[in-house]
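Labels below follow one simple rule: chain letters A, B, ... track the order of the sequence lines, proteins then strands, and each chain is numbered from 1. Keep in mind that what you see is a predicted model, and the values were worked out from it rather than measured. Just the heavy atoms: all of them, side chains too, but no hydrogens, waters or symmetry mates, feed the values below.
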Amino acid sequence: MTLREIVETLNATVYLGQARLDEEVTTAFASDLMSDVLTLKDTPMLITGLCNVQTIRTCDMATLDIVVFVRNKKPTADMVELAEDNDMVLIATSYSMFKTCGLLFDAGIQPLY
Amino acid sequence: MHQEYTVIEGDFTNAGTASSSVKKTLKQLGVAPQIVKRVVVALYEAEVNAIAHAYGGKVLVDIEADKIHMVVADKGPGIPDIAQAMQEGYSTARPEVRDMGFGAGMGLPNMQKNVDVLNVTSEVGVGTTVEMIVNFV
Ligand SMILES: Nc1ncnc2c1ncn2[C@@H]1O[C@H](COP(=O)(O)OP(=O)(O)OP(=O)(O)O)[C@@H](O)[C@H]1O
Ligand SMILES: [Mg+2]
């Protein structure tokens with residue numbers, strides 16, 4: 001599934017990374033816990049309701065570069081600026097975590113485990 | 001190459017400054033990406049701990065040809081029982097820390113998994129020092 005299709009499926013807004021929307025996404029991981037994100041060996045798309053600078057920092061350290069914010073959380077200017085340095089994609093949807101995961105799972109996005 | 005950083009008490013927005021900078025340096029030096037990830041994840045966990053559980057401190061980094069040596073030394077309450085703190089799931093994190101997405105009790109076990117050498121020393125009422133080494137080969 002391409003990022004563009006993900007944005008359409010989630011009726012989402014792109015905050016950063018317009019130029020990368022034709023990239024394919026195969027796996028995703030959903031968590032509000034950055035501790036969990038830091039234990040990942042792979043680099044899936046992150047689906048999270050935690051929307052602060054620490055989310056971006058954690059992704060930087062864990063080398064994740066695509067984030068979907070759920071529950072109508074919107075990234076701040078600080079977050080976008082930091083994410084820009086790392087060429088990240090930031091997307092936000094008003095859908096809940098459950099609905100977001102359900103729709104993407106249905107559309108073929110794979111879990112890590 | 002020697003680098004030093006200061007970790008400021010309660011300053012969550014700057015947690016990761018040292019790790020970010022080390023990441024850039026190691027990339028420039030051409031260290032393998034999987035190794036860079038292990039280094040920065042471990043250092044970041046230690047940095048966050050110095051902010052979340054202590055009153056800030058210092059990060060000392062020495063990069064050699066074949067390894068990186070990192071020390072995160074904080075002033076803080078110390079860890080009364082290090083073996084207990086090393087267990088997955090053990091956490092005394094405050095609500096503010098949990099609100100930042102931390103406090104699952106995964107940090108120290110995750111450092112252990114990512115580094116080749118981990119030494120945690122602590123004195124109650126004084127502070128904690130986390131020493132980590134990652135070999136590049
Ligand atoms: N620098 C420190 N100073 C004082 N106590 C610490 C320090 N580092 C860790 N601890 C103690 O050890 C516990 C476990 O630390 P660990 O990093 O494994 O988990 P956490 O920080 O609570 O949560 P997580 O790392 O998953 O976000 C902490 O909750 C705290 O009680
Ligand atoms: Mg921790």
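- No more than 12 heavy atoms of other residues, nucleotides or ligands lie within 6.0 Å of NZ in B:Lys27, so this atom counts as exposed by the packing criterion.
- Note that CG of B:Asp99 is 11.0 Å distant from CG of A:Asp32, once rounded to the nearest 0.5 Å.
- Listed options A:Thr48, A:Asn86, A:Leu33 were ranked by heavy-atom pairs under 4.5 angstrom with chain B; first place goes to A:Leu33.
- Neither the backbone nor the side chain of A:Asp85 comes within contact range of chain B, judged by heavy atoms closer than 4.5 Å.
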Tabulate below the donor-acceptor pairs under 3.5 Å that side-chain atoms of residues 59-66 of chain A make, not counting sequence neighbours, or state none.
| from | atom 1 | to | atom 2 | distance (Å) |
| --- | --- | --- | --- | --- |
| A:Asp60 | OD1 | B:Lys23 | NZ | 2.5 |
| A:Asp60 | OD2 | B:Ser20 | OG | 3.2 |
| A:Asp65 | OD2 | A:Arg20 | NH1 | 3.2 |
| A:Asp65 | OD2 | A:Arg20 | NH2 | 3.2 |

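- Each of A:Leu50, A:Asn52, A:Val53 was scored for a side-chain contact (heavy atoms from CB on, under 4.5 Å) with B:Met100, with one residue passing: A:Asn52.
- One hydrophobic cluster, built from ILVMFWY side chains closer than 4.5 Å, holds both A:Val14 and A:Ile6.
- Smallest separation of non-hydrogen atoms from A:Lys41 and B:Lys37: O-NZ, 3.5 Å.
- To the nearest 0.5 angstrom, B:Phe102 atom CZ is 6.0 Å from A:Leu38 atom CG.
- With sequence neighbours left out, the side-chain hydrogen bond (donor to acceptor under 3.5 Å, both in side chains) criterion links B:Lys67 to B:Glu64.
- Atom CD of A:Glu81 sits in a sparse spot, with 12 or fewer heavy atoms from other residues, nucleotides or ligands closer than 6.0 Å.
- The shortest side-chain heavy-atom distance between A:Arg57 and B:Thr17 falls under the 4.5 Å cut-off.
- Residue contact with chain A, scored on non-hydrogen atoms closer than 4.5 Å, involves the side chain of B:Tyr44 exclusively.
- Crowding of B:Lys75 atom NZ: a count of heavy atoms from other residues, nucleotides or ligands under 6.0 Å not exceeding 12.
- Heavy atoms closer than 4.5 Å to chain A are found in the side chain of B:Glu45, but not in its backbone.
- Ranked by non-hydrogen atom pairs under 4.5 Å with chain B, the options A:Thr55, A:Thr58, A:Val37 are led by A:Thr58.
- Here the CD-OG1 distance, from B:Glu88 to A:Thr39, works out to 8.5 Å after rounding to the nearest 0.5 Å.
- Residues A:Val25 and A:Leu103 share a hydrophobic cluster, clusters being chains of Ile/Leu/Val/Met/Phe/Trp/Tyr side chains in contact below 4.5 Å.
- Tracing side-chain contacts under 4.5 Å through hydrophobic residues (I, L, V, M, F, W, Y), one reaches B:Val31 starting from B:Val61; they form part of the same cluster.
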